[in-house]
Every structure is written in C-alpha cells, then in structure tokens.
Amino acid sequence: MNTQNLTILGSTGSIGASTLDVVSRHPDRFRIFALAGHSQTEKLAAQCLAHRPRYAVTADAARAEELRGLLRLSGCQTEVLHGNQALSDVATAPETDGVMAAIVGAAGLMPTLAAAAAGKTVYLANKETLVVAGSLFMETACTAGARVLPVDSEHNAIFQVLPAGFSGSLKDAGIESIILTASGGPFLDTPREQFAAITPAQAVKHPNWNMGRKISVDSATMMNKGLELIEAHWLFNCPPDKLEAVIHPQSVIHSMVRYADGSVLAQLGSPDMRTPIAYCLGLPERIESGAARLDFATLSDLTFRVPDFERFPCLRLAYRAMHEGGSAPCILNAANETAVAAFLDGRIRFTDIAAAVEYCLDKIPARAAESVAMLLETDREVRTLAERWTNKHRQAA
C-alpha cells in the first residue's frame, strides 16, 4: 500500500481538524507533508507536534515567529513558512500527493488553483474556488489531469450516488435533476419579524453541524446552500434549472440524484464531516472514519420543505448569480463575505447581509470570467463597495 503525502490547507478549521482525525486512524496510509493555518498558532503548533509535518504555513511573519518559538520549545523540526506564496508552494511541492483545500473564503482560491494546475489530487472543501472561478478551475484541473474530489457533505453525497463512470452528461446518465438538502439553519421557524434582532451568538449556533463562524452564519441565511448550488453546477456540469434545493432539518439525507425512470438515490449518514472526508481519502476503498453509525431505530421522522425565498433571500440571490453567470457569483461571494464579517463584528443587522449582497449585484454588472486576475480585481472592487455599504448602514445595527 502506497502512503499518500497530504498537504492540509486550513488545518486549524473544522474540516482540517476532522481530516487529521481520519488520518490519525490510518497511519499506514497517510503522512502529513504540510499544514497551513491562519491565526490559531497554538492549535497549529499542537497539530505539528502530533503529526510532524515537514512544513507549517501561517498567515504572516509575526505568527510564523510565534509558531517557531512554540515548536522550538518542544524540539519539533517542522520548518515554518508564511504568506500566500507559501500556501501555493506547499500545495504544489513534488512531495505532495493530495491537497485538502479547506481554507474558508476567497483566500483559498489561489493555492487550490495552483494545486489543480500541478495535477494534484484536490480534496475540495473550499466553496469559493468554484463559486468565484468555477469554469477556470475546472478547465485547469482537466488540462493538468488533476483529480477533484468533493468533500462538502452535499456534493460528496451526490458524487457517491452518481452512476459509475459518470462522464459529465446528465442526459447520458439518465439524470433528471440533482437535489441538495439543507438543514434550514437555526432560524427555520423563527418569526421573520424577529430576524433584524438576531445576534451573532445566535447565528453561529447551528442545530446539527459543528462549523466555523462564517459558515454557520451562511447556513443561517441559507447563502451556504446557494454557494453549494453554484459548486454543484460546475462539479457535475449541471444546468441551473436542473438543480433543486430542499430543506431537510434532520440532516440525515445529505443529497439526492433524481433519475429519469422515477428513482431517487440518496446518501444517508450521521452529520459528521469525517464521513465524506474518509470517503474521498480512501477511494477506491471505504475506510473507517470515526463517525457514529446511523441508527435507524432511533431516528425521528425525516421531513422536507420547499425553501422560502422571502425568509431566505440569500438563496434567491445565489440562484440569480448562477443564472447570470460570468463574474456574478464572484460578486455574490465577495459581498457576502464582507457583509457576514460586518455582522459578526456587530456593525450591521442579520437582515442587512442579504441587502448588502443585492446592492452589490445591482451596482456591479457581471462580466465574462476571462481570467483569475480579472476575478480577483472584481473581488477587490466588490469588497470596497460592500464595506462602504456596511459603513453607511452601521447605525442601524
């Protein structure tokens, strides 16, 4: 059995930590080549001591020096790097076989794209890579022969129930549509008149999943599901009108594929990210993940609802951006990241997130996604506009 050398981008986040948990269960299969974390220096140091990677990457020089000090005290020989170029360097290093792309936000785009261009196996957990630059990323991966495996629970579920040898043609595979499930977040039944008073502390308490603060807010607004629909569009070559979203509060069915003969195939499991991570890492085998087994005897009813665009305007905006195409999803993502950060800082209200995103989509026309440079420039332009909008509405928070 060949040992796979892994680089984990975003190792201190929930996906990164879950990946390391799965890896630790299979020391004969995996070796950690590099770990990258942003600002949780002590957590990154503990991971380095446990897994002894060759490299660790931090956000900046100050955190790199702090990490070196912590590792020096423990006698760990891991070499510490910092900055965006270092992320791409460890992702494309000849020793790296697979890259877990788990950096949250647009910051993960360039190293993930670099890994694809280098022909690596990319375990894709960074939504923004496909949302911001879906066509460019998929073209790059195809040209370089990179293998792209979806880690998000919804896309992983779809991947598992697609027919063997799926070529990218829904028609040839007899597929009618792809259905993504959503929990509905913590405010599924909260009266809409109370939404303006929702606090960051309330918004980050997801009922089923243990996620980071930004992703938890996205789940609460259902922007997370909107971003995932855009991802599915690129991953599975699926037209927007063949993509469905359904609210499934129990988060047991992770997604489904509807076939032309009337069959619907679904993937079920406990809400634990170690399951999709283990599925991707272990291919073509199934390996133990540490996730709790699904006990049907203890399951309550499995229920479903059609999403309400009035309650969840961010989902409507994501559909709009997907239909407009080009740079529209990039605009959507940059505006949302800026607005969510402002909300988490207490500067704007929960309901202002969707308003800020819609303002940016209205003000900045979508253009053809001609290059990464153009998309990054659009990203900067949108963030400036969104920040100006949030500052103007600061007093309403």
Problem - Residues that Leu265 engages under side-chain contact (heavy atoms from CB on, under 4.5 Å), provided they are two or more places apart - result: Val161, Tyr259

Practice task
Say whether Asn391 and Arg394, considering side chains only, have a donor N or O and an acceptor N or O under 3.5 Å apart.
Solution key: yes

Fill in the blank from the handout: Interatomic distance, CZ@Arg29 vs OG1@Thr3, rounded to 0.5 Å, equals 10.0 Å

Practice task
Inspect the contact between Asp362 and Arg320 and indicate whether a charged nitrogen and a carboxylate oxygen are less than 4.0 angstrom apart.
Solution key: yes

Handout entry: Distance in Å, Leu87 CG paired with Tyr55 OH, rounded so as to fall on 0.5 Å steps
Key = 14.0 Å

Problem - Side-chain donor-acceptor pair present, Ser263, Asp261, cut-off under 3.5 Å - result: yes

Practice task
Taking atom types as modelled, find out whether Thr303 and Gln250 have a side-chain donor-acceptor pair closer than 3.5 angstrom.
Solution key: yes

Exercise for the section: Might you confirm whether atom CD of Gln77 has over 12 heavy atoms from other residues, nucleotides or ligands at distances under 6.0 Å? Expected result: no

Practice task
Kindly check if the number of other-residue, nucleotide or ligand heavy atoms within 6.0 Å of CD (Glu42) is above 12?
Solution key: no

Practice task
With sequence neighbours excluded, tell me which residues meet ring pair (Phe, Tyr, Trp, His ring centres under 6.0 Å) with Phe236.
Solution key: none

Handout entry: Ser327 and Thr378: side chain donor to acceptor below 3.5 Å
Key = no

Problem - Under 3.5 Å side-chain donor-acceptor pair for Glu231 and His233 - result: no

Handout entry: Glu387 side chain to Thr338 side chain, donor-acceptor N/O pair below 3.5 angstrom
Key = no

Handout entry: Non-hydrogen side-chain atoms of Leu149 and Leu124 separated by less than 4.5 Å
Key = no

Fill in the blank from the handout: For Pro94, the side-chain contact (heavy atoms from CB on, under 4.5 Å) test, sequence neighbours excluded, returns none

Practice task
State whether Arg274 and Asp21 are salt-bridged, where the test is any N-O pair (Lys NZ or Arg NE/NH1/NH2 against Asp/Glu carboxylate O) under 4.0 Å.
Solution key: yes

Exercise for the section: Tell me, yes or no, whether the heavy-atom count around Arg311 atom CZ, taken from other residues, nucleotides or ligands under 6.0 Å, exceeds 12. Expected result: yes

Handout entry: More than 12 heavy atoms from other groups under 6.0 Å of CG on Asn84
Key = no

Practice task
May I ask you to check whether over 12 heavy atoms, not counting those of Arg367, lie within 6.0 Å of atom CZ?
Solution key: no

Practice task
May I ask you to check whether Phe159 and Phe166 place their ring centers less than 6.0 Å from one another?
Solution key: no

Handout entry: Stepwise side-chain hydrogen bond (donor to acceptor under 3.5 Å, both in side chains) test for Ser251 and Ser183
Key = CA-CA 6 Å; Ser251 296; Ser183 70; 4.6 Å; no

Practice task
Check Asp218, Val217, Val340 against Met223 for a side chain to side chain contact (heavy atoms under 4.5 Å, CB included) and give me the one that passes.
Solution key: Asp218

